[in-house]
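Along the sequence shown, residues are numbered consecutively beginning with 1.
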Amino acid sequence: MNVLVIPEDFRKDQYILKPIIKAMFGYLGKPKARIDICNPPLLGGVGEALKWSRIEEILEIYPTVDVFLLCIDRDGNPSRHQKLRTLEQKAAQLLSKPSIMIAENAWQELEVWTLAGHELPKDWSWKAIRADPDPKEMYFLPFAEQQGFDRTMTNLAYKRLSEQAASRYKKVRQRCPEDIAQMEDRINTWLTAQ
């Protein structure tokens, strides 16, 4: 099974998405699924990731993919989910069965998925982290520094902390029901239908 994860910007997002999505497929009984990060093209931001022309381009570049996963930040925008559903509907018209595109927005940023797999400082509220539209700056980067990664080691921090979170995937899905668990359920529904 070939899975292509489409981030809004792969330069940092790849370090979060690859291990967590790999862990998700393992949890779903597909540990040998091949998980790749879309590169090229570099979308470079959520605005580009929400353009049908860019998504259509990706779907055409990668014809052997079974599951396309578009994963972007919500950034406090409650209407983002509807835009993602519209992209899914357009993709369904273009893709040959049984291929599928599932789009999900992290609640609020992808960095929260990494934080979900860790023991966090006792004075941090998980509810506050999930509600903050900018948790990367408020929580992820300070947490990375607490774990010994200074600001010059950002890519390494993303990679190592996300791999650790992925090793505790059950905790990630439990803490992130609106995004991770929902995406997992939708993938599982598709897998069951195959």
Side-chain angles (χ1 to χ4, degrees), residues 1-39 67-76 81 102-151 153-192:
M1 174 175 298
N2 292 321
V3 179
L4 185 70
V5 184
I6 308 167
E8 61 186 72
D9 189 330
F10 68 78
R11 290 172 287 195
K12 294 226 183 318
D13 294 350
Q14 66 180 320
Y15 299 116
I16 297 170
L17 290 167
K18 190 160 187 170
I20 289 177
I21 299 300
K22 181 93 176 135
M24 178 187 292
F25 274 84
Y27 184 81
L28 290 171
K30 299 292 182 185
K32 293 184 181 180
R34 179 179 169 167
I35 312 296
D36 290 313
I37 302 296
C38 183
N39 169 21
V67 180
F68 293 89
L69 295 178
L70 175 62
C71 299
I72 63 171
D73 294 339
R74 182 174 186 255
D75 296 325
H81 216 253
I102 295 173
E104 192 56 68
N105 55 206
W107 205 282
Q108 300 290 345
E109 294 179 318
L110 294 173
E111 286 81 0
V112 172
W113 295 355
T114 297
L115 291 173
H118 289 274
E119 290 301 321
L120 301 173
K122 299 215 182 294
D123 59 335
W124 287 11
S125 158
W126 184 247
K127 186 176 180 180
I129 293 169
R130 292 287 280 175
D132 193 315
D134 298 309
K136 176 173 45 179
E137 289 77 16
M138 292 295 298
Y139 296 100
F140 180 81
L141 294 175
F143 181 73
E145 286 184 7
Q146 291 172 13
Q147 301 302 306
F149 299 99
D150 66 38
R151 300 275 172 148
M153 304 165 70
T154 309
N155 286 351
L156 184 60
Y158 271 74
K159 184 176 182 345
R160 293 270 169 80
L161 294 175
S162 296
E163 287 169 351
Q164 291 167 5
S167 73
R168 296 184 281 276
Y169 176 72
K170 287 183 183 180
K171 187 173 188 173
V172 175
R173 69 186 297 279
Q174 177 186 15
R175 282 184 158 177
C176 301
E178 302 92 345
D179 42 19
I180 286 285
Q182 182 169 299
M183 182 168 50
E184 176 195 297
D185 287 344
R186 295 177 72 213
I187 294 167
N188 193 43
T189 298
W190 177 82
L191 287 169
T192 303

_CA sep, side-chain torsions, deciding dist, call: V112, W126, side chain to side chain contact (heavy atoms under 4.5 Å, CB included)_ = CA-CA 10 Å; V112 172; W126 184 247; 3.7 Å; yes
*Rounded to the nearest 0.5 Å, what's the gap from NZ on K22 to NZ on K18? Could you check?*
8.0 Å
*Would you mind reporting whether I16 and E111 have side-chain heavy atoms less than 4.5 Å apart?*
yes
*Take atom CD of E119 as the centre, draw a 6.0 Å sphere, and report whether it contains more than 12 heavy atoms from other residues, nucleotides or ligands.*
no
_Looking at every heavy atom in both E104 and E178, which two are closest together, and how far apart are they?_
OE2-O, 3.9 Å
*Going from OH on Y27 to CD1 on I180, what distance comes out if it is rounded to the nearest 0.5 angstrom?*
12.5 Å
*Would you call W107 and C176 a side-chain contact if the rule is heavy atoms closer than 4.5 Å?*
no
*Output the distance between atom CG (L4) and atom CG (D36), rounded to the nearest 0.5 Å.*
6.5 Å
*Taking all atoms of both residues into account, what is the closest heavy-atom pair of R11 and N155, and its distance?*
O-OD1, 4.2 Å
_Nearest atoms (heavy-atom pairs only) where S162 meets T114_ = OG-OG1, 2.7 Å
*Would you say the side chain of F10 lies within less than 4.5 Å of the side chain of D13, judging by non-hydrogen atoms?*
no
_Is it the case that atom NZ in K30 sees more than 12 heavy atoms from other parts of the structure closer than 6.0 Å?_
no
_If you define the side chain from C-beta out and look only at heavy atoms, does anything of D185 sit under 4.5 Å from Q182?_
no
*asked:* Please find the pair of heavy atoms, one from E109 and one from D134, that lie closest to each other, and give the distance.
replied: OE1-C, 3.6 Å
_Point-to-point distance, once rounded to the nearest 0.5 Å, from CZ of R168 to CD1 of I20_ = 11.0 Å
*asked:* With heavy-atom distances below 4.5 Å as the criterion, would you say the side chains of P121 and Q146 are in contact?
replied: yes
_Distance, nearest 0.5 Å, that separates NZ of K12 from CG of L17_ = 13.5 Å
*Below 4.5 Å, heavy atoms only, C-beta onward: do L70 and I102 meet side chain to side chain?*
no
*Show your working on side chain to side chain contact (heavy atoms under 4.5 Å, CB included) between L161 and F143 and close with a plain yes or no.*
CA-CA 10 Å; L161 294 175; F143 181 73; 4.2 Å; yes
*Centroid-to-centroid, F149 to Y158, below 6.0 Å?*
no
*Do you know which two heavy atoms are closest between A116 and V172, and how far apart they sit?*
CB-CA, 3.9 Å
*What do the steps show when you test F25 against I187 for side chain to side chain contact (heavy atoms under 4.5 Å, CB included), and what is the final call?*
CA-CA 9 Å; F25 274 84; I187 294 167; 3.8 Å; yes
*asked:* Test your reading of the model: is there a side-chain donor-acceptor pair from E145 to the backbone of D150, 3.5 Å cut-off?
replied: no
*So, E8 side chain and D73 main chain: donor-acceptor pair closer than 3.5 Å or not?*
yes
*Could you go step by step and tell me if C71 and V5 meet the side chain to side chain contact (heavy atoms under 4.5 Å, CB included) rule?*
CA-CA 7 Å; C71 299; V5 184; 4.2 Å; yes
*Which atoms form the tightest heavy-atom contact between L115 and I129, and what is the distance?*
CD1-CG2, 4.2 Å
_Between K32 and M1, is there a side-chain heavy-atom distance shorter than 4.5 Å?_
no
*Report the distance from atom NE2 of H81 to atom CG of D179, rounding to the nearest 0.5 Å.*
8.5 Å
*With a cut-off of 6.0 Å (strictly less than), are more than 12 heavy atoms of other residues, nucleotides or ligands near CZ of R130?*
yes
*Do Y169 and Q174 touch side chain to side chain, with heavy atoms closer than 4.5 Å?*
no
*Is the side chain of R175 donor-acceptor paired with the backbone N or O of G117 at a distance under 3.5 Å, no angle test?*
no
